[in-house]
Amino acid sequence: VQLQAYGGGLVQAGGSLRLSCAAAGRTFSSNVMGWFRQSPGKARAFVAAISWSGSMTYYADSVKGRFTISRDDAKNTVYLQMSGLNLEDTAVYYCAADKNSRRTYTASAYRSGGTYDYWGQGTLVTVSS
């Protein structure tokens, strides 16, 4: 089972990027998907999550209103559309998935790295001034 995150790069402050996370080895259409990020010298932090049905989304306060998570189950892919990027968004972004089929969690659990069983290798987003 592999999660491949891509789409990172260098972008100017105020710009936009779309990250993608493609799954291989199994389908994730019944699984929770999330994005986390880690900046140099900081712990990994929750960014966004989407329920297995796609009906519920969750965001960190720092990205709410600027980032949008979505999923295309036909493509076994989850996206993170990022706009209004600022210097604090510079980080390696990781996608993740849980292993449980059609599981519903509390709001806090969606935000916890412990909920997720599969992790991608990360894609670097660098925001310049």
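Nothing fancy with the numbering, it's 1 onward along the sequence.
- Taking the salt bridge (Lys or Arg N to Asp or Glu O under 4.0 Å) definition, one finds that Lys42 meets it with nothing, sequence neighbours left out.
- A pairwise comparison of heavy atoms in Ser39 and Thr90 identifies OG-O, 3.0 Å as the closest pair.
- Rounded to the nearest 0.5 angstrom, Ser128 OG and Gln12 CD are separated by 5.0 Å.
- For Ser16 against Gln81, the heavy-atom pair with the smallest separation is CB-NE2, 4.1 Å.
- By the side-chain hydrogen bond (donor to acceptor under 3.5 Å, both in side chains) test, Tyr93 pairs with Arg37, sequence neighbours left out.
- Rounded to the nearest 0.5 Å, atoms OG1 (Thr115) and OH (Tyr110) are 9.0 Å apart.
- Residue Ile69 holds its CD1 atom at 6.5 Å from OH of Tyr59, rounded to the nearest 0.5 Å.
- Judged by distance alone, the side chain of Thr27 and the main-chain N or O of Asn76 form no donor-acceptor pair under 3.5 Å.
- For Asp73, the side-chain hydrogen bond (donor to acceptor under 3.5 Å, both in side chains) partners two or more places apart in sequence, or in a different chain, are Arg71.
- Judged purely by atom type and a 3.5 angstrom limit, Asn31 uses its side chain to pair as donor or acceptor with the backbone of Asp98.
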Practice task
Begin from the C-alpha positions of Met82 and Asp89 and carry the test side chain to side chain contact (heavy atoms under 4.5 Å, CB included) through to its verdict.
Solution key: CA-CA 9 Å; Met82 307 185 294; Asp89 295 318; over 6 Å; no
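- Residues Leu85 and Leu17 share a closest heavy-atom pair of CD1-N, 4.0 Å.
- Considering all non-hydrogen atoms of both residues, Leu3 and Ala23 come closest at CD2-CB, 3.7 Å.
- Heavy-atom contacts from other residues, nucleotides or ligands closer than 6.0 Å to CD of Gln2 number 12 or fewer.
- Under a hydrophobic-cluster definition in which Ile, Leu, Val, Met, Phe, Trp and Tyr are linked whenever side-chain heavy atoms come within less than 4.5 Å, directly or via other members, Leu124 and Leu87 are assigned to different clusters.
- With hydrogens and angles ignored, the 3.5 Å screen pairs a side-chain donor or acceptor of Thr123 with a backbone N or O of Gly8.
- Shown here are the side chain to side chain contact (heavy atoms under 4.5 Å, CB included) partners of Ser20, two or more places apart in sequence or in another chain: Tyr6, Arg18, Thr77, Tyr79.
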Practice task
Check the pair Val127 / Asn86 against side chain to side chain contact (heavy atoms under 4.5 Å, CB included), numbers first and verdict last.
Solution key: CA-CA 6 Å; Val127 183; Asn86 57 54; 5.5 Å; no
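- Listed by first and then second residue, the salt bridge (Lys or Arg N to Asp or Glu O under 4.0 Å) pairs involving residues 100-117 amount to none (not counting sequence neighbours).
- The cluster map of Ile, Leu, Val, Met, Phe, Trp and Tyr, joined by side-chain heavy atoms under 4.5 Å apart, puts Val11 and Phe67 in the same cluster.
- Side-chain contact between Val47 and Tyr94 is absent, with no heavy atoms from C-beta onward closer than 4.5 Å.
- For residues 20-49, the pairs satisfying ring-ring contact (aromatic ring centres under 6.0 Å, His included) are Phe28-Tyr118, Phe36-Phe46, Phe36-Tyr116, Phe36-Trp119, with sequence neighbours left out.
- For the residue pair Met33 and Ala97, the shortest heavy atom distance occurs at SD-CB, 3.4 Å.
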Practice task
I would like to know whether Gln4 and Gln121 meet side chain to side chain contact (heavy atoms under 4.5 Å, CB included); could you show each step before the answer?
Solution key: CA-CA 7 Å; Gln4 179 79 32; Gln121 87 291 354; 3.2 Å; yes
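- Cluster annotation: Val78 is not connected to Val32 through the hydrophobic network of ILVMFWY side chains, with a link wherever side-chain heavy atoms come within less than 4.5 Å.
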